[in-house]
Chemist: 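Below: one structure in structure tokens.
As the structure is a computational prediction, the values presented were derived from the model and not from experiment. Throughout, residue positions are numbered sequentially from 1 according to the sequence presented.
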Amino acid sequence: SVAQEAGQRYPKVNEIRLNFDGFKGASDQFVRSNIQLREGMNYSPAIVDQSIRALYSSGYFEFVEVDVESAEDGMIDVIFRIVSKYRVASVQFEGNDTFSDSRLTKKGEYESGETLDEYELSVAADKMQAYYIKKGFPDAEIDFRVVRDADLGEATVYFEIEEGNKVKIKDISFEGNELFSDRRLRKVLETKDYNFFLSWITGSGKFDEAKFKDDLELLRTFYRNEGYLDVSVDEEAVEIEVVKNKKMYITITVVEGPRYYVGEMSIDNATIFTESELLSAVALQTGDPFSPEGVDAAASAVRGYYTSRGYLN
């Protein structure tokens, strides 16, 4: 410790030199800002150790070592030998037919611009593999390889994905649906459960993330057009269970919220035709469940009433 060194006599530091092995991953100024030892001070092993730890903690360096050389007048030169970490310039994915690059990047929590750390890469691969398993790919395997550019200090990371055999969707069920049955809601979805006689023709029974996300939006749209404007269908609340025989069970939770109805209806600025004439062309009526599509259809019906009578503009 520094206290133990107080009784010992160490030579003064003549010069502190930085020796990068290969490319420089950080500026000299940044490195020196993490070194507590200064020229003119007495050499201190404790302070040198603190400086090495600070350099490692910065996350920019793979290896740090300190050498000491004799200098004039009994002083010494202190040389920090440094190996910089590579910076990840690009993250690529190979073999991911089901999930997009952006989805896997989010799930792996690993992006370009970070310093290269192979432990973190292995953690990212494990997270992505766990996501595949959760989504019905129990045989999925994910590995990685790194291509380094020693001149630029940059690395390209490739995640190599073997998706394995996909499970078959055995059942899609719902929770929280009070007005509509599971059967009715299943008809809204493009994702279908597996049918032995039809799946080989239609391709149903397979899980596709992009299609499933679209399905959740179709479900929200369906509810809104039935008057449930505050409906919530949270992707994160979807439960997916895969049993050993590679059958997938999907449960979608719906928070319906209150149902809204059409109140009074009126048409402003109508001078050629009366309000009652124009409203007679509209299918949406007071007391009907409020529907965004119904409102659009009503506007189209009013336009049609005018154009059919020669008012094309």
Side-chain angles (χ1 to χ4, degrees), residues 1-6 8-94 101-102 104-128 142-161:
S1 70
V2 176
Q4 291 175 325
E5 293 174 10
Q8 302 181 39
R9 298 185 62 183
Y10 287 98
K12 288 186 178 294
V13 176
N14 174 60
E15 182 183 11
I16 296 175
R17 299 202 302 270
L18 308 180
N19 188 342
F20 285 89
D21 185 358
F23 65 92
K24 293 177 66 172
S27 66
D28 288 1
Q29 181 180 5
F30 178 83
V31 175
R32 290 183 183 278
S33 70
N34 284 277
I35 296 175
Q36 288 78 42
L37 194 66
R38 296 288 183 268
E39 292 164 351
M41 292 175 55
N42 286 90
Y43 180 82
S44 167
I47 293 178
V48 168
D49 287 343
Q50 292 172 9
S51 301
I52 292 174
R53 287 196 296 270
L55 289 169
Y56 276 125
S57 297
S58 73
Y60 286 96
F61 307 109
E62 192 78 38
F63 180 75
V64 180
E65 184 179 53
V66 173
D67 290 337
V68 176
E69 294 180 356
S70 298
E72 295 180 353
D73 300 325
M75 301 176 74
I76 59 173
D77 291 338
V78 180
I79 303 96
F80 282 79
R81 305 190 186 280
I82 301 168
V83 178
S84 299
K85 283 186 176 181
Y86 283 79
R87 184 182 66 85
V88 178
S90 176
V91 178
Q92 306 290 330
F93 296 87
E94 298 175 345
D101 291 3
S102 59
L104 295 179
T105 297
K106 180 179 178 180
K107 293 302 176 181
E109 299 178 334
Y110 196 93
E111 300 181 2
S112 60
E114 301 183 15
T115 54
L116 181 66
D117 187 315
E118 296 208 6
Y119 172 74
E120 291 180 359
L121 281 176
S122 66
V123 171
D126 289 344
K127 288 180 179 178
M128 286 184 280
I142 300 179
D143 202 352
F144 64 87
R145 58 188 172 90
V146 179
V147 177
R148 295 171 172 83
D149 186 327
D151 294 328
L152 298 177
E154 295 180 345
T156 300
V157 174
Y158 294 89
F159 285 102
E160 300 170 329
I161 299 165

Chemist: Is any side-chain heavy atom of F159 closer than 4.5 Å to one of D143?
Modeler: no
Chemist: Can you tell me how far OG of S112 sits from CD of Q92, rounded to the nearest 0.5 angstrom?
Modeler: 9.0 Å
Chemist: What do the steps show when you test L152 against R87 for side-chain contact (heavy atoms from CB on, under 4.5 Å), and what is the final call?
Modeler: CA-CA 9 Å; L152 298 177; R87 184 182 66 85; over 6 Å; no
Chemist: Taking atom OH of Y60 as the centre, report whether more than 12 heavy atoms of other residues, nucleotides or ligands fall under 6.0 Å from it.
Modeler: no
Chemist: Taking NZ in K106 as the centre, count heavy atoms belonging to other residues, nucleotides or ligands within less than 6.0 Å. Is the count above 12?
Modeler: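 Counting other residues, nucleotides and ligands, NZ of K106 stays at 12 neighbours or fewer.
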Chemist: Please list every donor-acceptor pair under 3.5 Å in which a side-chain atom of residues 72-84 meets a protein atom from a residue at least two apart or in another chain.
Modeler:
residue, atom, partner, partner atom, Å
D77, OD1, N14, ND2, 2.8
D77, OD1, E15, N, 3.3
D77, OD2, R17, NH1, 3.2
R81, NE, D67, OD2, 2.3
R81, NH2, D67, OD2, 3.3
S84, OG, F23, O, 3.4
S84, OG, G25, N, 2.8

Chemist: To the nearest 0.5 Å, what is the distance between NZ on K127 and CD1 on I142?
Modeler: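 The NZ atom of K127 sits 13.0 Å away from the CD1 atom of I142.
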Chemist: Between the main-chain N or O of K85 and the side-chain N or O of T115, is there a donor-acceptor pair closer than 3.5 Å?
Modeler: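 It does not hold such a pair.
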Chemist: What distance do N19 atom CG and D21 atom CG have between them, rounded to the nearest 0.5 Å?
Modeler: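 Here the rounded value is 7.5 Å.
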Chemist: Between F30 and F61, what is the ring plane arrangement, given parallel below 30°, perpendicular above 60°, and tilted in between?
Modeler: tilted
Chemist: Can you tell me how far the CG atom of L121 sits from the OH atom of Y158, to the nearest 0.5 Å?
Modeler: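 Answer rounded to 0.5 Å: 13.5 Å.
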Chemist: Any side-chain heavy atom of L18 sitting closer than 4.5 Å to one from I35?
Modeler: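 They are in contact (side-chain heavy atoms under 4.5 Å apart), so the answer is yes.
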Chemist: Between E160 and R145, does any NZ, NE, NH1 or NH2 come within less than 4.0 Å of an OD or OE carboxylate oxygen?
Modeler: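 Result for this pair is yes, salt bridge flagged.
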Chemist: Please tell me if the side chains of V157 and V147 come closer than 4.5 Å, counting only heavy atoms from C-beta onward.
Modeler: no
Chemist: So does Y10 get a backbone contact from the side chain of N42, meaning a donor-acceptor N/O pair under 3.5 Å?
Modeler: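 It does hold such a pair.
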Chemist: In sequence, state the C-alpha distance, the side-chain angles, and the governing distance for S51 and Q36, and then conclude on side-chain hydrogen bond (donor to acceptor under 3.5 Å, both in side chains).
Modeler: CA-CA 6 Å; S51 301; Q36 288 78 42; 3.0 Å; yes
Chemist: Are Y43 and V48 side-chain neighbours, meaning at least one heavy-atom pair lies under 4.5 Å?
Modeler: yes
Chemist: For the atom pair CZ (R53) and CG (N34), what is the distance rounded to the nearest 0.5 Å?
Modeler: 13.0 Å
Chemist: Check Y86 against A155 and note the closest heavy-atom contact, atom names and distance.
Modeler: CB-CB, 4.1 Å
Chemist: Applying side-chain contact (heavy atoms from CB on, under 4.5 Å) to I16 and R32, what does each step give before you reach the verdict?
Modeler: CA-CA 9 Å; I16 296 175; R32 290 183 183 278; 3.9 Å; yes
Chemist: Under a 4.5 Å cut-off applied to non-hydrogen side-chain atoms, are E154 and R148 in contact?
Modeler: no
Chemist: Given side chains that start at C-beta, do those of V64 and Y56 come closer than 4.5 Å, heavy atoms only?
Modeler: yes
Chemist: Using every non-hydrogen atom in the two residues, find where D28 and K24 come nearest and quote the distance to one decimal.
Modeler: OD1-NZ, 2.8 Å
Chemist: Is any side-chain heavy atom of V146 less than 4.5 Å from a side-chain heavy atom of V88?
Modeler: no
Chemist: If you round to the nearest 0.5 Å, how far is CG of L104 from CD of E109?
Modeler: 12.5 Å
Chemist: Which atoms form the tightest heavy-atom contact between F93 and M128, and what is the distance?
Modeler: CE2-SD, 3.6 Å
